[in-house]
There are 2 protein chains.
Amino acid sequence: MLIGELAKQAGCETGTIRYYEQEGLLEKAGRTESGYRRYTGRHLGQLNFVLHCRSLGMTLSEIKTLQNLQNDAITSCAEVSELIERQIERIHRQIEAMHALEAQLTTLRNCCRENVPASECGILKSLLVSSAISSPHWTPDAAEEVESAERRKKGRKK
Amino acid sequence: MLIGELAKQAGCETGTIRYYEQEGLLEKAGRTESGYRRYTGRHLGQLNFVLHCRSLGMTLSEIKTLQNLQNDAITSCAEVSELIERQIERIHRQIEAMHALEAQLTTLRNCCRENVPASECGILKSLLVSSAISSPHWTPDAAEEVESAERRKKGRKK
DNA sequence: ATAAAACCTTCCAGTTGCTGCAAGGTCAAC
DNA sequence: GTTGACCTTGCAGCAACTGGAAGGTTTTAT
């Protein structure tokens, strides 16, 4: 089959397939007389493996590692397990971070419901306040002071 | 203050600040005689706003939109709300996807505990099987057929 | 027979949000 | 006077593609 057919069967773009081949995640395809790539079921299997691993959030280099482990009968299973374990931990951390995010955003949303001008918007105000809080060193007044001090010290105005 | 001081106060890298300035998320800084950027408290406020929004998962272009809404007293608050609402929905979808992922990975992990060769690894086997399942059109036998057919006739589809 | 369409090829640029480097200028201290 | 810590610009690179240009090949419609 040609690249378009393979892409259709696997459910991805032809560009992705060429990219994977280039990155060494798929065996080089044979060519027709006119130079078109010709694929076999073996390639479809490889491609689906890569796409499936991608959908599990693995990076291409992790997938390459897995492929190498597959081809290496000597390696013990432990390395594979470890890779998966790292994925799980990573996902776990991401989920937690996202929950925190969701909570913050929900709070933010509740700051503003009415149809007031943006200048009065509780959300924007809240965002500004949070910004200020997250930098405890700064107040408008202190800023003025720093500015003046700088001007005084340099002894020039710009 | 100079860029290093601003970076320290805001808790980011100097490169990030220059990048934000370049992208129009921070007002252009003044310059000293020797060409160093000079910042004011106003810049720190802007920078913290951007960093805070980034930490909420907003893209730079969304943040730019927010800034424009801030400066535009005529705009109604509804647009701001809408933006936040989109964030929440996005996060929600991401969390759900991640939960599904976590479940899949956990299942995968449980396929293999023993110290067997990778060639016998339940995880790898499982990944291969899932790949095959996710492409219902393909079986090794069918692949052989396609191959032969191609050799016989060099046939084209569609 | 010819033209359009639907494939395919390679190469290169762009995406996002930075980070790091090279090569150089500036400034305060020892 | 020379370290060393700053700062400057500009460019390359990351991940994992996606899209486009410019062109070649094959099939199909007129």
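Quick note on labels: first sequence line is chain A, next is B, and so on, each numbered from 1. Just so it is clear, the values below take in all heavy atoms, side chains as well, and ignore hydrogens, waters and symmetry mates.
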5'-most by nearest nucleotide on DNA chain D - A:Gly15 or A:Ser34 |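 Result: A:Gly15.
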
Taking [atom1] from [X] and [atom2] from [N], how many angstroms apart are they, rounded to a whole number?
X: B:Arg38; N: D:dT8; atom1: CZ; atom2: C1'; answer: 16 Å
X: B:Gln22; N: C:dT16; atom1: CD; atom2: P; answer: 13 Å
X: A:Glu21; N: C:dT9; atom1: CD; atom2: C1'; answer: 12 Å
X: A:Lys8; N: C:dA6; atom1: NZ; atom2: C1'; answer: 12 Å
X: B:Glu62; N: C:dT16; atom1: CD; atom2: P; answer: 11 Å
X: A:Leu51; N: D:dC17; atom1: CG; atom2: P; answer: 8 Å
X: B:Tyr39; N: D:dT8; atom1: OH; atom2: C1'; answer: 12 Å
X: A:Glu5; N: D:dT27; atom1: CD; atom2: P; answer: 15 Å

Verdict with supporting geometry, A:His92 and B:Glu102, side chain to side chain donor-acceptor pair (under 3.5 Å) = CA-CA 7 Å; A:His92 225 89; B:Glu102 196 186 16; 2.6 Å; yes

Taking only residues two or more places apart in sequence, or in another chain, which ones meet A:His99 in a side-chain hydrogen bond (donor to acceptor under 3.5 Å, both in side chains)?
->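 None.
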
Considering residues at least two apart in sequence or located in another chain, which fulfil the side-chain hydrogen bond (donor to acceptor under 3.5 Å, both in side chains) criterion with B:Glu89?
->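 With sequence neighbours excluded, B:Glu89 shows a side-chain hydrogen bond (donor to acceptor under 3.5 Å, both in side chains) to no residue whatsoever.
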
Any side-chain heavy atom of A:Thr16 within less than 4.5 Å of one from A:Leu47?
->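 A side-chain contact under 4.5 Å is absent here.
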
Does [X] put a side-chain nitrogen or oxygen below 4.0 Å from OP1 or OP2 of [N]?
X: B:Arg18; N: D:dT9; value: no
X: B:Thr16; N: C:dT19; value: yes
X: A:Arg37; N: C:dT9; value: yes

Just compare [options] and give me whichever is closest to any side-chain atom of [X].
X: B:Ile3; options: C:dC8, D:dT8, D:dT18; value: D:dT8
X: A:Arg31; options: D:dT18, C:dT10, C:dT19; value: C:dT10
X: B:Glu13; options: D:dT8, C:dG20, C:dT10; value: C:dG20
X: A:Tyr36; options: D:dT25, D:dT9, D:dT18; value: D:dT25

Check B:Glu23 against B:Lys64 and note the closest heavy-atom contact, atom names and distance.
->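 Heavy atoms of B:Glu23 and B:Lys64 come nearest at O-NZ, 2.8 Å.
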
B:Val50 and B:Gln67: which non-hydrogen atoms are nearest, and at how many Å?
->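 Taking every non-hydrogen atom into account, CG2-NE2, 3.7 Å.
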
I'd like a list of close polar pairs between nucleotides 13-15 of chain D and the protein, N/O only, cut-off under 3.5 Å.
none

Take A:Tyr20 and A:Ile63, measure what side chain to side chain contact (heavy atoms under 4.5 Å, CB included) needs, and give me the verdict at the end.
-> CA-CA 11 Å; A:Tyr20 285 168; A:Ile63 296 170; over 6 Å; no

